[in-house]
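Just below is one structure, and these are the notes that go with it.
If you're wondering where the values come from, they're calculated on a predicted model, not measured in any experiment.
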Amino acid sequence: IRTYIAGGYYAENKGLEELQEEMRFNVEEMHASAVKIKVGDPNMGLSGDMERVEAARKAIGDDVTLLADANCALDLERSIEFARALVDYGVYWFEEPMPIHKYEEHGKLAEASSIRIATGENGYHLAHFRTLLDYKGASILNVDVTVCPGYDVAMDVTNLAGERGVSIAPHGCQELQLPLAAAVKH
């Protein structure tokens, strides 16, 4: 099962050099083949965040998968701007770009960009995921067994993803997500 290290958080006095050090540590010392950074802080803006993405990409090289997570911070217009810019840095997925119940907007974003949209860590029932997929708003579901009411619902979500040709990348508390990830072929 392939994993990634989430990091690249915003922090006071954390500049591009510190971000690069963190990314290099995750790859070189922790042996991560994929790393994730945060984007979407309104104080950074698109250009500031793209500087961070570029710095992360330079630190890890082209052979390591780079992911970006906005933690639901953007609206549709800004999400489209970010999604289009992230492609230039070979970012594999754009996670949680908008609030989770913006189903139609997620579909519009997916249609307007070539980047994979990952979302779902805050989804807690099958109807949420079905509606999101009805709008074609995600290509990767970050289902979380600790947010869904357990493995049964998480497996229902996973089966739905499989039916719709969508991947899963379980979110958080990895020791609890591992059985779910191990139970699926995608």
Side-chain angles (χ1 to χ4, degrees), residues 2-102 105-106 109-110 112-124 137-147 169-178 181:
R2 189 155 184 231
T3 62
Y4 65 88
I5 294 179
Y9 294 95
Y10 300 103
E12 191 173 330
N13 299 318
K14 183 178 184 179
L16 297 179
E17 186 175 312
E18 291 81 10
L19 174 64
Q20 288 182 311
E21 288 173 11
E22 175 188 357
M23 294 296 107
R24 279 191 293 270
F25 176 84
N26 289 342
V27 171
E28 295 167 6
E29 301 297 322
M30 301 297 291
H31 306 288
S33 64
V35 294
K36 183 170 77 173
I37 70 167
K38 299 298 178 180
V39 297
D41 182 331
N43 297 318
M44 294 298 291
L46 178 64
S47 62
D49 270 330
M50 290 310 111
E51 287 178 12
R52 296 178 77 250
V53 171
E54 180 178 30
R57 174 53 73 203
K58 285 180 179 176
I60 64 173
D62 293 331
D63 294 334
V64 175
T65 302
L66 181 59
L67 315 169
D69 185 349
N71 288 109
C72 305
L74 307 172
D75 60 17
L76 176 59
E77 182 180 330
R78 300 240 6 237
S79 292
I80 291 172
E81 291 172 358
F82 270 78
R84 290 179 175 161
L86 290 168
V87 170
D88 294 339
Y89 301 98
V91 172
Y92 183 76
W93 83 39
F94 185 21
E95 183 176 335
E96 298 269 306
M98 296 175 282
I100 66 169
H101 294 101
K102 299 282 187 177
E105 289 86 346
H106 276 86
L109 172 61
S113 172
S114 61
I115 198 166
R116 292 166 191 84
I117 305 302
T119 190
E121 68 190 63
N122 295 302
Y124 53 89
S139 46
I140 300 164
L141 296 180
N142 300 123
V143 62
D144 188 326
V145 299
T146 66
V147 176
H171 171 267
C173 203
Q174 298 310 311
E175 64 276 14
L176 296 177
Q177 309 301 340
L178 190 58

* Asked: Is there side-chain contact between I80 and S113, with heavy atoms separated by less than 4.5 Å?
  -> no
* Asked: Side chains of D49 and K38: closer than 4.5 Å at any heavy-atom pair?
  -> no
Go through the structure and list residues passing side-chain contact (heavy atoms from CB on, under 4.5 Å) with [X], not counting sequence neighbours.
X: E22; answer: K14, L19, N26
X: E51; answer: L16
X: Y92; answer: T65, L67, R116, I140
X: E81; answer: L46, E77, R78

* Could you tell me the separation between the CD1 atom of I117 and the CE atom of M98, rounded to the nearest 0.5 Å? =>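 Spacing of CD1 (I117) from CE (M98) equals 7.0 Å.
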* Asked: For residues 27-37, which residue pairs qualify under salt bridge (Lys or Arg N to Asp or Glu O under 4.0 Å), counting only residues two or more places apart or in two chains?
  -> K36-D69, K36-E95
* To do: Specify the closest pair of heavy atoms between S79 and F94, including all atoms of both residues, with the distance to one decimal.
  =>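 It is O-CE2, 3.5 Å.
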* Asked: Judged by atom type as modelled, is there a donor-acceptor pair below 3.5 Å linking the side chain of R52 to the main-chain atoms of V39?
  -> no
* To do: Could you tell me whether the side chains of H171 and D144 share a donor-acceptor contact shorter than 3.5 Å?
  =>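 Note: H171 and D144 side chains meet the donor-acceptor criterion.
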* To do: Can you establish whether the number of heavy atoms outside E12 located under 6.0 Å from its atom CD is more than 12?
  => no
* To do: Among residues two or more places apart or on two chains, list those pairs meeting ring-ring contact (aromatic ring centres under 6.0 Å, His included) that have a residue in residues 2-59.
  => Y4-W93
